[in-house]
**Student:** 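Take this structure first; my questions come after.
Small disclaimer: the values here were computed from a predicted structure and weren't measured.
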Amino acid sequence: MTIPYNDAKGKGGMLHQRGSIWLLLIALLGVSIILTCGRAQNHVDPTTATHRVPNVSDEASTIIQSILQKSLWDKAHFYEPVIPKVILRTFWTNNRDEIRRAADNGTDKYRERYAWFETWDKLNPTHTQLIFTDFDSDRFVMGHFSKWVVDAYFRLPRVVLRADMARYFMLYIFGGLYTDMDTECLVPIREWTTDYHRIGIITGSENLIESGDDVLQYTIGAAQFHPFIGQVIYRIVEKITQATNEDLLDRNKILDITGPGIYKQIARDYLQQKGFNLRDMGNLEVGYQVFGEVFC
């Protein structure tokens, strides 16, 4: 199954960031295999504890939750491999009229942006689109995440870097489908995984033969509190904490700290822990491939 969206950068499939894209579906059937969320116990302070987290265990997931979140509800955060019907976005405004006017009058460099935006509504009428501005993201992070996470987030010197992180925060707390604002939906989301009903993660990959690990993060679907997204946040925060100010200002290095570089590394590690290799998809042109409970 090709991933059903389109984007202005020239990568495409059923979604569209126009080019050659495959759908990678990580389906956790029945119970979670990796880092299944159990009941949260004592809150861990990462500033005073050694917090290198093991990769595969219920305890690891509990530790990650207590490190990342500002507070833990009495109710356990059990992970369910179901992606909520929410489409998550980040943009400079969350006012639809402003998005439309900017596209109409040319102040937005993409004149088609509002038309792309509407495709997500029209093809997915049972979904709700939620747009966070930079201010919304800042308040959201401060309200939901621990001081360790908040401090790392505000260490980032540019707003665009914090927006990169915001997608993971939204996916972790809300669950749903995040997609960049320059993507166009070509096929209803409900049809992306028609034959599979307990999907925990949807992400895309491309150019696997050439690069071996090009996993895409401009569109990601995730169940609420999914342990993969928890790992992404944890490892990004850890990298920011360890980085020098010079590293955070270096446009080349920062891609491996908050952007696609770190994301695809974590995705590859996640699959390798389960005994799979993304390069096994290298000869797949269109469609999907199954690796155990992982659907690609």
**Student:** State yes or no: are the ring centers of Y263 and F228 separated by less than 6.0 Å?
**Tutor:** yes

**Student:** Output the distance between atom CG (D136) and atom OG1 (T133), rounded to the nearest 0.5 Å.
**Tutor:** 3.0 Å

**Student:** Assigning hydrophobic clusters by single linkage (Ile, Leu, Val, Met, Phe, Trp, Tyr; side-chain heavy-atom cutoff under 4.5 Å), is F132 placed with V141?
**Tutor:** yes

**Student:** Between R89 (side chain) and D180 (backbone), is there a donor-acceptor pair under 3.5 Å?
**Tutor:** yes

**Student:** Is a donor on one side and an acceptor on the other found under 3.5 Å between the side chain of R113 and the backbone of M181?
**Tutor:** yes

**Student:** Does either side chain, that of D247 or that of T244, offer a donor lying less than 3.5 Å from an acceptor on the other one?
**Tutor:** yes

**Student:** For the residue pair Q129 and R96, establish whether any side-chain heavy-atom pair is separated by less than 4.5 Å.
**Tutor:** yes

**Student:** Tell me whether R167 is salt-bridged to D164, with the criterion being a basic N under 4.0 Å from an acidic carboxylate O.
**Tutor:** yes

**Student:** What's the separation between atom CZ in R162 and atom OG1 in T258, rounded to the nearest 0.5 Å?
**Tutor:** 11.0 Å

**Student:** Quick one: does any side-chain atom of R190 pair with a main-chain N or O of T126 as donor and acceptor, under 3.5 Å?
**Tutor:** no

**Student:** Restricting to non-hydrogen atoms, name the atom on Q265 and the atom on D269 that form the minimum distance, rounded to 0.1 Å.
**Tutor:** NE2-OD1, 2.7 Å

**Student:** Of all the heavy-atom pairs spanning R155 and N245, show the shortest one and how long it is.
**Tutor:** NH2-OD1, 2.9 Å

**Student:** Consider only side-chain heavy atoms of I, L, V, M, F, W and Y, link residues closer than 4.5 Å, and tell whether I189 and V187 are in one cluster.
**Tutor:** yes

**Student:** If you measure from the Lys or Arg side-chain nitrogens to the Asp or Glu carboxylate oxygens, is any gap between D108 and R111 under 4.0 Å?
**Tutor:** no

**Student:** State the CD1-CD1 distance between I83 and I202, to the nearest 0.5 angstrom.
**Tutor:** 4.0 Å

**Student:** Indicate the atoms forming the closest heavy-atom contact of A243 with L248, along with that distance.
**Tutor:** CB-CD2, 3.9 Å

**Student:** For a salt bridge (Lys or Arg N to Asp or Glu O under 4.0 Å) check, start with the C-alpha distance between D104 and R101, then their side-chain angles and the critical distance, and finish with the verdict.
**Tutor:** CA-CA 5 Å; D104 288 346; R101 283 196 298 269; over 6 Å; no

**Student:** Return the CG to CG distance between L171 and L177, rounded to the nearest 0.5 Å.
**Tutor:** 8.0 Å

**Student:** Is a donor from one side chain sitting under 3.5 angstrom from an acceptor on the other, for T107 and N105?
**Tutor:** yes

**Student:** Is it true that L249 and L161 fall in one hydrophobic cluster, defined by side-chain heavy atoms closer than 4.5 Å?
**Tutor:** no

**Student:** Indicate yes or no for a side-chain donor-acceptor contact from T119 to the backbone of C185 under 3.5 Å, with no hydrogens or angles considered.
**Tutor:** yes

**Student:** Do W120 side-chain atoms and H127 backbone N/O form a donor-acceptor pair below 3.5 Å?
**Tutor:** no

**Student:** How are the rings of Y110 and W116 set to each other: parallel, tilted or perpendicular (split at 30° and 60°)?
**Tutor:** tilted

**Student:** What is the minimum heavy-atom distance between P84 and A223, and which atoms define it?
**Tutor:** CD-CA, 4.4 Å

**Student:** Mind checking the OH-CD1 spacing from Y168 to I236? Nearest 0.5 Å is all I need.
**Tutor:** 5.0 Å

**Student:** Cluster question for you: counting only ILVMFWY and a side-chain heavy-atom cut-off of under 4.5 Å, with indirect links fine, are L130 and F117 together?
**Tutor:** no

**Student:** Identify the heavy atoms of I257 and I240 that sit nearest to each other, and give their distance.
**Tutor:** CG2-CG1, 3.7 Å

**Student:** Do I131 and Y178 land in one hydrophobic cluster if side-chain heavy atoms of ILVMFWY residues count as linked below 4.5 Å?
**Tutor:** no

**Student:** About how many Å separate CZ of F145 and CG of D151, when rounded to the nearest 0.5 Å?
**Tutor:** 14.0 Å

**Student:** Which heavy atom of I173 sits nearest to which heavy atom of Q224, and what is that distance?
**Tutor:** O-NE2, 2.7 Å

**Student:** Tell me, with the steps shown, if K253 and K239 meet side-chain contact (heavy atoms from CB on, under 4.5 Å).
**Tutor:** CA-CA 11 Å; K253 290 183 179 179; K239 273 187 166 286; over 6 Å; no

**Student:** Name the one of F174, F135, Y153, Y172 that satisfies ring pair (Phe, Tyr, Trp, His ring centres under 6.0 Å) with F140?
**Tutor:** F174

